[in-house]
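Naming: A, B, ... by sequence-line order, numbering from 1 per chain.
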2 protein chains.
Amino acid sequence: MKKLQIEKLQSEVRQEQLARAALALIAADGLKKLSVARVAQRVGLVPSAIYRHFAGKNELLDAVLEVIREQLHANVAAVSDQTRDPMERLELLLMAHVRLIRENQGFQRVIFSDELDNGLPDRKVRVYTMISGYLKRVAGIVAEGQLSGSIRKDIDPDTVSVMFLGLIQPAAILWHMSAGKFDITRHVNKAWPVFRAAITAQ
Amino acid sequence: MKKLQIEKLQSEVRQEQLARAALALIAADGLKKLSVARVAQRVGLVPSAIYRHFAGKNELLDAVLEVIREQLHANVAAVSDQTRDPMERLELLLMAHVRLIRENQGFQRVIFSDELDNGLPDRKVRVYTMISGYLKRVAGIVAEGQLSGSIRKDIDPDTVSVMFLGLIQPAAILWHMSAGKFDITRHVNKAWPVFRAAITAQ
DNA sequence: GTATATTGTGAATTAGAATTCACATAGTCT
DNA sequence: AGACTATGTGAATTCTAATTCACAATATAC
């Protein structure tokens with residue numbers, strides 16, 4: 001008898017598809033409730049099929065991280081295309097970051113969850129590397145601003161980059177915890193001018 | 001035959017003891033790996049004994065949250081005892097917060113974990129309320145500073161309080177992820193002067 | 001078109017962990 | 001001391017979820 005089977009896809013395509021499905025599920029219900037079975041179901045596969053494309057749940061999560069990394073990277077690139085002015089780049093990046101978070105709670109949930117912690121230090125290190133990479137780009141923008149004279153030269157760009165993250169991060173968490181009640185956009189709009197003034201060269 | 005049994009303790013004492021044991025385990029290995037069995041073992045009890053003191057794991061986690069809330073509360077109170085100057089209070093609180101985090105990674109791990117998420121919105125709301133309460137106290141200090149003229153009056157105290165949290169929060173996460181490699185104290189020491197200048201009335 | 005490799009299926013296995021329960025022991029009250 | 005209640009024990013139960021495996025269907029290479 002001929003069994004009806006879902007279309008076969010090449011592993012690379014499936015991997016991407018599965019990673020995005022996983023991220024969507026995480027956004028909706030959190031990492032804790034993410035099961036291999038649910039990811040499979042979401043793309044119309046049977047649980048065991050996952051193992052044709054990933055060695056296990058860990059590798060699937062690695063792929064999810066990769067998706068996030070790419071997205072952050074793309075944000076920086078897009079912003080750099082829009083303007084050459086460092087301060088404007090920071091502002092645009094901030095807004096882009098907020099948008100990213102609002103559109104995809106999954107990011108926060110993935111990055112700050114212990115669920116990722118395997119026991120192996122690998123995973124945590126990977127996330128750290130990913131965030132560090134993002135911060136390094138931000139620090140790069142800051143350094144440009146210092147060179148061009150628009151940003152105070154007496155502050156460490158790395159410090160500024162972490163503070164920059166601090167404009168969004170706690171707000172994102174409050175937003176998430178309050179189920180949308182805390183207005184993250186409003187906060188960022190009010191906090192940015194204060195931050196900008198603090199780093200602007202006089 | 002007479003079985004050797006651990007000393008019996010009143011439920012209230014045990015509850016506190018168990019909550020602290022749980023927090024210690026979370027700090028060490030993360031919320032994901034926290035099992036009722038391990039908590040019991042840590043205080044020399046058998047797993048099922050937990051249920052004499054808590055209705056279930058959820059209630060145990062509630063008790064852990066309570067411990068954290070009390071600690072944050074105590075921090076604000078201690079700082080307010082040390083000085084009456086608002087700006088000094090903020091600085092002391094910042095340092096106290098850093099110390100708290102350094103001494104107890106568990107705090108971060110508990111608060112930002114999806115593990116807490118039951119499905120019931122209860123838990124998330126509770127954590128949100130807890131953090132909001134902390135932020136309200138910070139905002140209160142800021143408002144005092146505005147009254148006494150040391151802090152700019154054109155910034156919303158609530159915004160400042162979230163930014164204040166932003167001085168520590170991302171740093172704490174980086175510190176945690178980097179297994180101590182990222183120097184949170186150094187960051188805060190460099191970021192604080194920038195932040196202080198940003199909110200100081202001129 | 002046929003052989004071969006790749007991808008999908010369904011059932012079974014395994015493991016970890018929460019929870020329950022009948023029984024045992026220790027405090028406490030009189 | 002006797003009785004009652006609170007706390008601790010150990011075994012059994014149940015559930016969830018990851019993972020494995022033999023087999024089936026599909027795609028790809030020749």
Which atom pairs, donor and acceptor, lie under 3.5 Å between side-chain atoms of residues 167-175 of chain B and protein residues at least two apart or in another chain?
none

- Task: Give the rounded distance in Å between these two atoms: CG of B:Leu31 and C1' of C:dA17.
- Result: 14 Å
- Query: Given B:His176 and B:Gln108, is the side-chain contact (heavy atoms from CB on, under 4.5 Å) satisfied, shown in steps?
  - Reply: CA-CA 9 Å; B:His176 174 251; B:Gln108 298 285 320; 5.8 Å; no
- Side chains of A:Arg137 and A:Ser80, donor plus acceptor under 3.5 Å: no
- Compare every heavy atom of A:Met177 with every heavy atom of B:Ile111, then report the nearest pair and how far apart it is. O-CE, 3.2 Å
- Query: When the distance from CZ of A:Arg38 to C1' of D:dA18 is rounded to whole Å, what number comes out?
  - Reply: 16 Å
- Task: Using whole Å, report how far CD1 of A:Ile50 lies from P of D:dA18.
- Result: 10 Å
Protein N or O to nucleotides 12-14 of chain C N or O, pairs below 3.5 Å:
none

- Task: Sort and list the pairs that fulfil salt bridge (charged side-chain N to carboxylate O under 4.0 Å, His left out) and have at least one residue in residues 72-89 of chain B, not counting sequence neighbours.
- Result: B:Arg89-B:Glu144
Per-pair distances, 0.1 Å, donor-acceptor, side chain in residues 20-27 of chain B, under 3.5 Å, sequence neighbours excluded:
from, atom 1, to, atom 2, distance (Å)
B:Arg20, NE, B:Glu16, OE2, 2.8
B:Arg20, NH2, B:Glu16, OE2, 2.8

- Message: So if I define the base as every atom that isn't primed, P, OP1 or OP2, how would nucleotides 12-17 of chain D read as a B/S/- string at a heavy-atom cutoff under 4.0 Å?
- Response: -----S
- Item | Whole-Å distance separating the CG atom of B:Leu60 from the P atom of C:dA17 | 15 Å
- Query: According to a strict under-4.0 Å criterion, is A:Arg14 in side-chain N/O contact with OP1 or OP2 of C:dG8?
  - Reply: yes
- Message: In this structure, how many angstroms lie between the P atom of C:dA26 and the CG atom of B:Leu45, rounded?
- Response: 14 Å
- Query: With sequence neighbours excluded, what pairs up with B:Lys124 under the salt bridge (Lys or Arg N to Asp or Glu O under 4.0 Å) test?
  - Reply: B:Asp117
- Taking only residues at least two apart or on different chains, which pairs with a member in residues 173-191 of chain A satisfy salt bridge (charged side-chain N to carboxylate O under 4.0 Å, His left out)? A:Lys190-B:Asp156
- Message: Quick check on D:dG8: is either OP1 or OP2 less than 4.0 Å from any side-chain nitrogen or oxygen of B:His53?
- Response: yes
- Query: What distance separates B:Phe164 CZ from B:Leu93 CG, expressed to the nearest 0.5 Å?
  - Reply: 4.0 Å
Polar atom pairs between nucleotides 20-22 of chain D and protein, under 3.5 Å, N or O only, would you list them?
from, atom 1, to, atom 2, distance (Å)
D:dA22, N6, A:Arg52, NH2, 3.4

- A:Leu61 atom CG is separated from D:dA18 atom C1', nearest whole Å, by 12 Å
- Selection: residues 16-27 of chain B, any non-hydrogen atom under 4.0 Å of DNA chain C: none
- Evaluate side-chain contact (heavy atoms from CB on, under 4.5 Å) for A:Leu61 paired with A:Leu34, printing each intermediate quantity in order. CA-CA 10 Å; A:Leu61 289 178; A:Leu34 184 77; 4.1 Å; yes
- Which pairs count as side-chain hydrogen bond (donor to acceptor under 3.5 Å, both in side chains) when at least one residue sits in residues 127-136 of chain A, sequence neighbours excluded? A:His97-A:Tyr134, A:Lys136-A:Asp158
- Query: In terms of ring plane angle, is the pair A:His187 and A:Phe182 parallel, tilted or perpendicular, where the classes change at 30° and 60°?
  - Reply: tilted
- Task: Please state how far atom CG in B:Asn58 lies from atom C1' in C:dT19, giving the value in whole angstrom units.
- Result: 12 Å
Donor-acceptor pairs are to be reported for all side-chain atoms of residues 35-52 of chain A against protein atoms at under 3.5 Å, with residues two or more places apart or in another chain.
from, atom 1, to, atom 2, distance (Å)
A:Ser35, OG, A:Arg38, N, 3.1
A:Arg38, NH2, A:Asp29, OD2, 2.5

Side chains of residues 63-71 of chain B: which donor-acceptor partners sit under 3.5 Å, not counting sequence neighbours?
from, atom 1, to, atom 2, distance (Å)
B:Glu66, OE1, B:Arg69, NE, 3.3
B:Glu66, OE1, B:Arg126, NH2, 3.4

